[in-house]
Each structure stands twice: as C-alpha cells, then as structure tokens.
Amino acid sequence: MTGNSTERVLKTLKATKGSNYTLLAVSINSPGGNVSQAKILAKSFKRYSEANSLPYITFAEDLVLNSANIILSSAPKSYASNSSSLINR
C-alpha cells in the first residue's frame with residue numbers, strides 16, 4: 001500500500017457516496033506496505049460503512065501480509081480460505 005493506491009481507493013469510496021449498496025465488502029490481496037496507509041484505509045472503510053449504515057466485511061484472497069492485516073482485521077467479520085496466506089512480520 002502506497003499513498004497512490006490509498007488515494008485511488010479513497011476516490012472510489014467518495015464516488016460511490018449516495019449509491020444504493022447494501023454491503024461494503026473489501027477483498028484483500030496484498031504483500032503489505034506502508035502501515036500508516038493501511039490505517040488510513042481501515043479507518044476510511046469503517047467510517048464509510050457507519051455513515052452509510054452498511055455491514056462491513058473483509059476477505060483474504062491469496063496474500064495478506066504485514067500491514068494488509070490491519071485492513072483485514074478492521075472489519076467486524078473477516079473471511080479467509082484455507083489457501084490464503086496470512087502473515088504478519
């Protein structure tokens with residue numbers, strides 16, 4: 001996660017404001033990155049779900065490494081398959 005990827009995700013969230021969604025589901029496949037960027041995304045997802053009264057869940061795809069775990073664990077419910085790699089160094 002970099003500042004550029006964080007900015008793209010935040011722009012996407014803003015663009016969906018007022019939409020008729022019933023769930024915020026975040027799929028994560030990341031080798032990690034900057035911890036502060038992960039915290040910004042995690043807080044943004046929480047705020048978005050609360051502001052729009054949406055349930056918030058996360059899914060671990062192939063890789064969820066290091067700071068990507070911050071986002072995975074930020075949702076009330078998180079899911080991973082047996083083949084997902086969850087590593088925090």
Side-chain angles (χ1 to χ4, degrees):
M1 282 158 275
T2 65
N4 289 337
S5 59
T6 300
E7 189 62 34
R8 283 193 309 268
V9 171
L10 295 177
K11 283 182 182 179
T12 301
L13 280 180
K14 287 179 185 176
T16 62
K17 205 172 229 177
S19 298
N20 228 5
Y21 296 116
T22 58
L23 172 71
L24 174 60
V26 177
S27 178
I28 303 164
N29 184 18
S30 173
N34 188 301
V35 172
S36 61
Q37 298 300 316
K39 288 181 179 180
I40 289 169
L41 288 173
K43 287 180 186 178
S44 296
F45 292 140
K46 283 183 184 180
R47 278 192 223 120
Y48 184 87
S49 69
E50 291 168 359
N52 294 283
S53 301
L54 297 174
Y56 168 39
I57 58 175
T58 54
F59 296 91
E61 295 296 332
D62 296 330
L63 293 174
V64 180
L65 307 180
N66 304 320
S67 62
N69 282 291
I70 294 169
I71 298 169
L72 181 69
S73 63
S74 69
K77 291 188 179 183
S78 299
Y79 299 92
S81 73
N82 291 339
S83 62
S84 298
S85 295
L86 308 174
I87 301 170
N88 193 18
R89 296 183 201 159

**Student:** Distance-only, no hydrogens or angles: does the Ser19 side chain make a donor-acceptor pair with backbone N or O of Tyr21 under 3.5 Å?
**Tutor:** no

**Student:** Let me confirm one number: the CG-CD1 distance from Asp62 to Ile28, rounded to the nearest 0.5 Å.
**Tutor:** 12.5 Å

**Student:** Evaluate the side-chain contact (heavy atoms from CB on, under 4.5 Å) criterion for residues Phe45 and Thr58: first the C-alpha distance (whole Å), next the side-chain angles of each, then the deciding distance (0.1 Å), finally the verdict.
**Tutor:** CA-CA 10 Å; Phe45 292 140; Thr58 54; over 6 Å; no

**Student:** Let's go through Val64 and Asn29 carefully: what are the C-alpha distance in whole Å and the side-chain angles of both, what is the deciding distance for side-chain contact (heavy atoms from CB on, under 4.5 Å) to 0.1 Å, and is it a yes or a no?
**Tutor:** CA-CA 6 Å; Val64 180; Asn29 184 18; over 6 Å; no

**Student:** Can you pull out every side-chain hydrogen bond (donor to acceptor under 3.5 Å, both in side chains) where at least one residue sits in residues 42-52? Sequence neighbours excluded, please.
**Tutor:** Thr16-Tyr48

**Student:** So which atom in Leu54 and which in Thr22 form the shortest heavy-atom distance, rounded to 0.1 Å?
**Tutor:** CD2-C, 3.5 Å

**Student:** Report the distance from atom CD1 of Ile87 to atom CG of Leu63, rounding to the nearest 0.5 Å.
**Tutor:** 7.5 Å

**Student:** How many angstroms lie between CD in Gln37 and CG in Asn4, if you round to the nearest 0.5 Å?
**Tutor:** 9.0 Å

**Student:** With sequence neighbours excluded, what pairs up with Glu61 under the side chain to side chain donor-acceptor pair (under 3.5 Å) test?
**Tutor:** Ser27

**Student:** Should Ile71 and Leu13 be counted in the same cluster of Ile, Leu, Val, Met, Phe, Trp and Tyr side chains packed under 4.5 Å apart?
**Tutor:** yes

**Student:** Could you check whether any side-chain N or O of Ser78 sits under 3.5 Å from a backbone N or O of Leu72, counting only pairs where one atom can act as donor and the other as acceptor?
**Tutor:** yes

**Student:** Would you sort out whether Ile40 and Leu10 count as a side-chain contact (heavy atoms from CB on, under 4.5 Å), showing the intermediate values?
**Tutor:** CA-CA 9 Å; Ile40 289 169; Leu10 295 177; 4.2 Å; yes

**Student:** For a quick test of reading the model, state the closest non-hydrogen atom pair linking Tyr56 to Ser74 and the distance between them.
**Tutor:** OH-OG, 2.6 Å

**Student:** Measuring from atom CG of Leu24 to atom CD1 of Ile57, what distance do you get when rounded to the nearest 0.5 angstrom?
**Tutor:** 8.5 Å

**Student:** Under a 3.5 Å distance rule, please check whether Thr12 uses its side chain to pair with a backbone N or O of Arg8 as donor and acceptor.
**Tutor:** yes

**Student:** So, using ring-ring contact (aromatic ring centres under 6.0 Å, His included) as the criterion, who are the partners of Phe59 when residues are at least two apart?
**Tutor:** Tyr79

**Student:** Do side-chain atoms of Ser67 reach the backbone of Ala38 as a donor and acceptor pair under 3.5 angstrom?
**Tutor:** no

